[in-house]
Trainee: 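Quick one: this structure, given as structure tokens, is what I'll be asking you about.
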Amino acid sequence: MHAIGVDIGGTKIAVGVVDEDGRILAQVRRETAADDVADIDRAIADAVTELTKEHEVGAIGLAAAGFVSPDRQGVNFAPNIAWREYPLAAKVSALIDTDVPIVVENDANAAGWAEFRFGAGRAATDMIMLTVGTGLGGAVIVGGELVRGKWGAAAEVGHMRVVPEGHYCGCGHEGCWEQYASGSALVRDAQHAAVANPKRAARLLEMAGGSPDEIRGPQVTRAAKEGDELAIELLATLGRWIGEGAASVAALLDPEIFVIGGGVGAAGELLLGPVRRGYEAQLSALGHRPVAQIELARHGNEAGIVGAADLARR
């Protein structure tokens, strides 16, 4: 049975028809506005309608960046989209003619499930997915099952507090892990470094047209691959934060593999090396327990589509 997966972001949605082997058969995109939830509903419905004209589907999965309700029908809260106790599945269902089940899933859960079923974690039974993008999302698979928690809010690892009175987070608290282990953190640190020491940040400033405010994550990665010392250090700092936090997660869940997804994965070993070193430096009982694998995700930007569709089908 084919299913549709919808990956909902703050500025765009990606929608695809996915077969039972995790292959995307057709895909479309739509632009959206994060502060206009009705516009997001219409964009999803329009894309789904386009795809169902050519493909027969048996379920629709909506991957949403937020705290999903226990019944997997709505979003209780989202830091970056104006969803508050929002019945997302019902809203979309009312706009489409296709009479199939619609399931809402946390976007990191969806991406993690795609990697567990069809990607880097395929051979594992216990896996942690860390999606390192604008924020830091997570997915937890234990014994082959996705862990959602009693109220559907499990695996929000990015909102574990790691620095008391630290950087303010969109969730309303301060010092969350994602404020130090995310693409946004990388950009913030790069911009600050360029202001503090423009000479050392010369290559980054050149890429950004001379303005620290225009420095972006892909520029840091590109500069690091060219051998720029500051960019390499910035990625190493990000990797250390990811690795040290992962060691704390391992103290609780003891996974066999961590899968790192999101845009920063383009840095490859420039990121993974520091992640692994940071992880081992903080892992309890090192030398007396197996060390989890730490690998890059394989599905890239399509993981949310694939995972949402597969979860809806199941």
Trainee: Side-chain heavy atoms under 4.5 angstrom apart, residues restricted to Ile, Leu, Val, Met, Phe, Trp, Tyr: same cluster for Val132 and Met129?
Mentor: no
Trainee: So which of Leu51, Val28, Ile24 actually passes side chain to side chain contact (heavy atoms under 4.5 Å, CB included) with Val17?
Mentor: Leu51
Trainee: Please give me the minimum heavy-atom distance between Ala63 and Ala110, naming the atom from each residue.
Mentor: CB-CB, 3.9 Å
Trainee: Under the side chain to side chain contact (heavy atoms under 4.5 Å, CB included) test against Ile4, which residue among Leu62, Val57, Ile102 passes?
Mentor: Val57
Trainee: Working to the nearest 0.5 Å, report the span between CG of Leu136 and CE of Met160.
Mentor: 8.0 Å
Trainee: Would Ser211 and Asp213 satisfy side chain to side chain donor-acceptor pair (under 3.5 Å), going step by step from the backbone distance to the final call?
Mentor: CA-CA 5 Å; Ser211 172; Asp213 291 341; 4.7 Å; no
Trainee: Taking atom CD as the centre, does Glu174 end up with more than 12 heavy-atom neighbours from other residues, nucleotides or ligands that are less than 6.0 angstrom away?
Mentor: yes
Trainee: In the structure I gave you, are the side-chain heavy atoms of Thr49 and Asp97 within less than 4.5 Å of one another anywhere?
Mentor: no
Trainee: Tell me, with the steps shown, if Gln179 and His159 meet side-chain contact (heavy atoms from CB on, under 4.5 Å).
Mentor: CA-CA 9 Å; Gln179 293 305 308; His159 298 293; over 6 Å; no
Trainee: Are Val291 and Ile294 linked, directly or through intermediate hydrophobic residues, by side-chain heavy-atom contacts shorter than 4.5 Å (ILVMFWY only)?
Mentor: yes
Trainee: What do the steps show when you test Asp41 against Tyr86 for side-chain contact (heavy atoms from CB on, under 4.5 Å), and what is the final call?
Mentor: CA-CA 11 Å; Asp41 298 339; Tyr86 194 74; 2.4 Å; yes
Trainee: Ignoring hydrogens and geometry, is there a side-chain-to-backbone donor-acceptor pair from Thr52 to Val48 under 3.5 Å?
Mentor: yes
Trainee: Return the NE2 to NE2 distance between His2 and His55, rounded to the nearest 0.5 Å.
Mentor: 8.5 Å
Trainee: Before accepting this row, confirm whether a basic side-chain N of the pair Arg72/Glu105 lies closer than 4.0 Å to the acidic partner's carboxylate O.
Mentor: yes
Trainee: Between atom CZ of Arg240 and atom CZ of Arg277, what is the distance when rounded to the nearest 0.5 Å?
Mentor: 11.5 Å
Trainee: What's the shortest heavy-atom distance between Ala155 and Ala139, and which atoms?
Mentor: CB-CA, 4.1 Å
Trainee: Side chains of Pro87 and Val104: does their closest heavy-atom pair fall under 4.5 Å?
Mentor: no
Trainee: Distance check, rounded to the nearest 0.5 Å: Ile128 atom CD1 versus Glu115 atom CD?
Mentor: 14.0 Å
Trainee: Should the pair His299 and Phe118 be assigned to parallel (<30°), tilted (30 to 60°) or perpendicular (>60°) ring geometry?
Mentor: perpendicular
Trainee: Write down the atom of Cys176, the atom of Cys171, and the distance for their closest heavy-atom approach.
Mentor: SG-SG, 3.6 Å
Trainee: Taking C-beta and beyond as the side chain, do His173 and Arg161 meet within less than 4.5 Å on heavy atoms?
Mentor: no
Trainee: Below 4.0 angstrom, N of the basic side chain to O of the carboxylate: do Arg117 and Asp310 qualify?
Mentor: yes
Trainee: Examine Ile305 and Met1 and state if one hydrophobic cluster contains both, with Ile, Leu, Val, Met, Phe, Trp and Tyr joined whenever side-chain heavy atoms are less than 4.5 Å apart.
Mentor: no
Trainee: Counting N and O atoms only, with roles assigned by atom type, does the side chain of Arg84 sit under 3.5 Å from a partner on the main chain of Ala78, one being a donor and the other an acceptor?
Mentor: yes
Trainee: Is a side-chain N or O of Lys225 found less than 3.5 angstrom from the main chain of Ala266, in a donor-acceptor match?
Mentor: yes
Trainee: Before you tell me yes or no, could you show the steps for Gln282 and Ser248 under side chain to side chain donor-acceptor pair (under 3.5 Å), namely the whole-Å CA-CA distance, both residues' side-chain angles and the distance that decides it to 0.1 Å?
Mentor: CA-CA 8 Å; Gln282 296 299 317; Ser248 294; over 6 Å; no
Trainee: Examine Leu25 and Ile60 and state if one hydrophobic cluster contains both, with Ile, Leu, Val, Met, Phe, Trp and Tyr joined whenever side-chain heavy atoms are less than 4.5 Å apart.
Mentor: yes
Trainee: Leu253 and Leu286: same hydrophobic cluster, using ILVMFWY side-chain contacts below 4.5 Å?
Mentor: yes
Trainee: With a 3.5 Å distance limit and no angle check, can you tell me whether Arg289 reaches the backbone of Ser284 through a side-chain donor-acceptor pair?
Mentor: yes
Trainee: Of Ile141, Val140, Leu146, which is the lone residue that meets side chain to side chain contact (heavy atoms under 4.5 Å, CB included) with Met127?
Mentor: Ile141
Trainee: Main chain of Asp126, side chain of Glu256: is a donor-acceptor contact present, judged purely on distance under 3.5 Å?
Mentor: yes
Trainee: Could you check if a side-chain atom of Glu244 sits within less than 4.5 angstrom of a side-chain atom of Val162, using non-hydrogen atoms only?
Mentor: no
Trainee: Whether the side chain of Arg313 engages the backbone of Val18 through a donor-acceptor N/O pair (distance < 3.5 Å, no angle test) should be reported.
Mentor: yes
Trainee: Determine whether a donor-acceptor pair (N or O, by modelled atom type, separation under 3.5 Å) exists between the side chain of Thr131 and the backbone of Gly262.
Mentor: no
Trainee: Any heavy-atom pair between the side chains of Glu50 and Val15 that's under 4.5 Å?
Mentor: no
Trainee: Can Arg276 and Glu295 be counted as an ion pair, charged N to O under 4.0 angstrom?
Mentor: yes
Trainee: Any non-hydrogen side-chain atom of Trp177 less than 4.5 Å from a side-chain atom of Val249?
Mentor: yes
Trainee: Please report the interatomic distance CG(Leu235) to CG(Leu230), rounded to the nearest 0.5 Å.
Mentor: 9.5 Å
Trainee: Assess the residue pair Val220 and Ile215 against the criterion (side-chain contact (heavy atoms from CB on, under 4.5 Å)); give the C-alpha distance rounded to whole Å, side-chain angles, the decisive distance to 0.1 Å, and a yes or no.
Mentor: CA-CA 8 Å; Val220 178; Ile215 294 174; 4.2 Å; yes
Trainee: Which heavy atom of Gly144 sits nearest to which heavy atom of Phe116, and what is that distance?
Mentor: CA-CZ, 3.6 Å
Trainee: With a 4.5 Å heavy-atom cut-off, do Val103 and Leu311 have their side chains touching?
Mentor: no
Trainee: Hey, could you give me the CG/CE distance between Asp228 and Met207, rounded to the nearest 0.5 Å?
Mentor: 7.5 Å
Trainee: Please report the closest heavy-atom contact between Ile257 and Ala292, naming both atoms and the distance.
Mentor: N-CB, 4.2 Å
Trainee: In this structure, which one of Val6, Ile8, Ile13 forms a side chain to side chain contact (heavy atoms under 4.5 Å, CB included) with Arg30?
Mentor: Ile13
Trainee: Could you tell me whether the side chain of Ser69 and the main chain of Gly74 form a donor-acceptor pair under 3.5 Å?
Mentor: yes
Trainee: Looking only at atom types and distance, does a side-chain atom of Thr32 sit under 3.5 Å from a main-chain N or O of Lys12, one as donor and one as acceptor?
Mentor: yes
Trainee: More than 12 non-hydrogen atoms from neighbouring residues, nucleotides or ligands closer than 6.0 Å to CG on Asp19, yes or no?
Mentor: yes
Trainee: Give the minimum heavy-atom separation between Gly210 and Pro212, together with the two atoms involved.
Mentor: O-CD, 3.7 Å
Trainee: Any idea how Phe258 and Tyr279 line up, ring-wise: parallel (<30°), tilted (30 to 60°), or perpendicular (>60°)?
Mentor: perpendicular
Trainee: For Arg148 and Asn106, what are the C-alpha separation, side-chain angles and deciding distance, and is it a side-chain contact (heavy atoms from CB on, under 4.5 Å)?
Mentor: CA-CA 9 Å; Arg148 295 187 178 88; Asn106 173 268; over 6 Å; no
Trainee: Is any side-chain heavy atom of Leu271 closer than 4.5 Å to one of Ile242?
Mentor: yes
